[in-house]
Amino acid sequence: MDGPDLSGQTVLVTGSARGVGRELLLATARQGAKTAVHYHSSADEANAVAELARKAGAPAVTTVQGDVTDPDSVDALFDALEADLGSVDCLVNNVGDFAPQHWEAIDFESWNRVLETNLNGTYLCSKRALPGMRERGYGRIVNVGYASSEKGLVSPKNFPYFVAKAGVIMFTRMLAADTNDDGITVNAISPYVVENSDEFPETLPRGRPASFEDMTRPLLWFLDPEANYVSGQNVEIDGGWLPEQV
């Protein structure tokens, strides 16, 4: 895949031991970035992805363990990463659980987990990465949202996920405004259904889910050092899905 030259850049993709995060990280490795594979409990998978990143062209790779909902754990994972690869230039906030049940059936622990992994994790990792980015006068943050979050999309099923992702988009816009004098851009990519999703609706836009490549193309554009005047934006990767269509 053609894309920006990310050589000299250190990229952290949270939740990159599997799924979409894995593919986003490998895409940056192919562009020459130093990559940090983050995991919470999937150590074997993270080590396997690290090896794939090396083969893909990453000049340096490390794995970092941590719970993105815990401030001390976030500090520790960034400390470990910085010791191995240096400060983070590009942060991709990908971690985010979901709970595909009716809101009344979701237990309180799951409700909190969805909110915390999606919104608090994005907040904590961004907050930890920002001082170094501001000091260097350069940084890229890309958050993973959900298609139509800006429209206030809600459903009795999976409700805390919709709330959290709406918060992620609001946080993206706020942080873009708060960093517009710092050489930092903050944007979001928001899929509807991706090829590895656990559930698929009966009909899909264009007859298929988003591919991993559909996800990585806008990510790489946002990470491009030359893309320095686009911030606070959200690219919906949904094939033209119109949830309010009747």
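- Sorted by first and then second residue, the ring pair (Phe, Tyr, Trp, His ring centres under 6.0 Å) pairs with a member in residues 93-121 form an empty list; sequence neighbours excluded.
- Between the side chain of T62 and the main chain of L81, no donor-acceptor pair closer than 3.5 Å is present.
- Side-chain contact between T185 and V230: absent, with no pair of heavy atoms (C-beta onward) separated by less than 4.5 Å.
- One N or O on the side chain of R136 and one on the backbone of G132 form a donor-acceptor pair closer than 3.5 Å.
- With 3.5 Å as the limit, one finds no donor-acceptor pair spanning the side chains of S73 and D67.
- A continuous path of ILVMFWY side-chain contacts below 4.5 Å connects L24 to I237, so both sit in one hydrophobic cluster.
- There is a side-chain donor-acceptor pair under 3.5 Å between N143 and T172.
- Note that CZ of F212 and CD of E195 are 4.0 Å apart. Values are rounded to the nearest 0.5 Å.
- Annotation: side chain of L12 is in contact with side chain of V64 (closest heavy-atom distance under 4.5 Å).
- Side chain of Q65 to main chain of H40: a donor-acceptor pair is present (N/O by atom type, distance under 3.5 Å, no hydrogens or angles).
- One N or O on the side chain of N47 and one on the backbone of A43 form a donor-acceptor pair closer than 3.5 Å.
- Here the CG atom belonging to N94 is positioned 10.0 Å from the CG atom belonging to L25, to the nearest 0.5 angstrom.
- For H38 (side chain) and G66 (main-chain N/O), a donor-acceptor pair under 3.5 Å exists by modelled atom type.
- At a threshold of 4.5 Å between non-hydrogen side-chain atoms, the residues L115 and P160 count as touching.
- With a 4.5 Å cut-off on side-chain heavy atoms, S41 and Y39 do not count as touching.
- Under the 4.0 Å criterion applied to side-chain N and carboxylate O atoms, D75 and K127 are not assigned as salt-bridge partners.
- Panel note: side chain S110, backbone I106; no donor-acceptor pair is recorded below 3.5 Å.
- S42 and R18 form a side-chain donor-acceptor contact under 3.5 Å, judged by distance and modelled atom types alone.
- Listed here is the closest heavy atom pair of A36 and S16: O-OG, 3.9 Å.
- Counting heavy atoms from C-beta outward, Y123 and R128 have side chains that stay 4.5 Å or more apart.
- Distance CG/L6 to CZ/R140: 10.0 Å, rounded to 0.5 Å.
- Using a 4.0 Å cut-off between charged side-chain N and carboxylate O, R113 and E109 make no salt bridge.
- R206 has no carboxylate O lying under 4.0 Å from a charged side-chain N of D238, or vice versa, which leaves the two without a salt bridge.
- There is no side-chain donor-acceptor pair under 3.5 Å between D182 and T179.
- N234 and S190 are linked by a side-chain donor-acceptor pair at a separation below 3.5 angstrom, with hydrogens and angles left out of the test.
- Using a 4.5 Å heavy-atom cutoff, the side chains of S149 and F162 are not in contact.
- A heavy-atom distance below 4.5 Å is not found between the side chains of P243 and Y192.
- To the nearest 0.5 Å, atoms OG1 (T117) and OH (Y161) are separated by 9.0 Å.
- Across all their heavy atoms, I184 and S231 have their closest contact at O-OG, 4.2 Å.
- Here the side chain of Q31 pairs a donor or acceptor atom with the backbone of P4 at under 3.5 angstrom.
- With hydrophobic clusters built from ILVMFWY side chains whose heavy atoms lie under 4.5 angstrom apart, F171 shares a cluster with V88.
- With respect to V186, the side chain to side chain contact (heavy atoms under 4.5 Å, CB included) criterion is satisfied by exactly one of L91, L175, V142: L175.
- In this structure, the side chain of N118 engages the main chain of V114 through a donor-acceptor pair within 3.5 Å.
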**Report entry** Audit row: S126, N93, side chain to side chain donor-acceptor pair (under 3.5 Å) steps and yes/no
**Finding:** CA-CA 8 Å; S126 299; N93 286 304; 3.1 Å; yes
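- Note that CD of E116 is 9.5 Å distant from CG of L124, once rounded to the nearest 0.5 Å.
- Considering NZ of K34 and OG1 of T28, their distance stands at 12.5 Å, rounded to 0.5 Å.
- Using a distance-only test at 3.5 Å, with no hydrogens or angles considered, a donor-acceptor pair links the side chain of T10 to the main chain of L85.
- Inter-residue side-chain proximity for V95 and C125 is flagged as unmet; no heavy-atom pair is nearer than 4.5 Å.
- Ionic pairing of E236 and K151 is present here: one or more N-O contacts between side-chain nitrogen and carboxylate oxygen are shorter than 4.0 angstrom.
- The heavy-atom pair separating A129 from F78 by the smallest distance is CB-CE2, 3.8 Å.
- Salt-bridge annotation for R208 and D214: present, with a side-chain N of the basic residue lying under 4.0 Å from a carboxylate O of the acidic one.
- Minimum interatomic distance between V11 and A33 (heavy atoms only, all atoms of both residues): CG2-CB, 3.6 Å.
- N187 places a side-chain N or O within donor-acceptor distance of the main-chain N or O of G232, the cut-off being under 3.5 Å.
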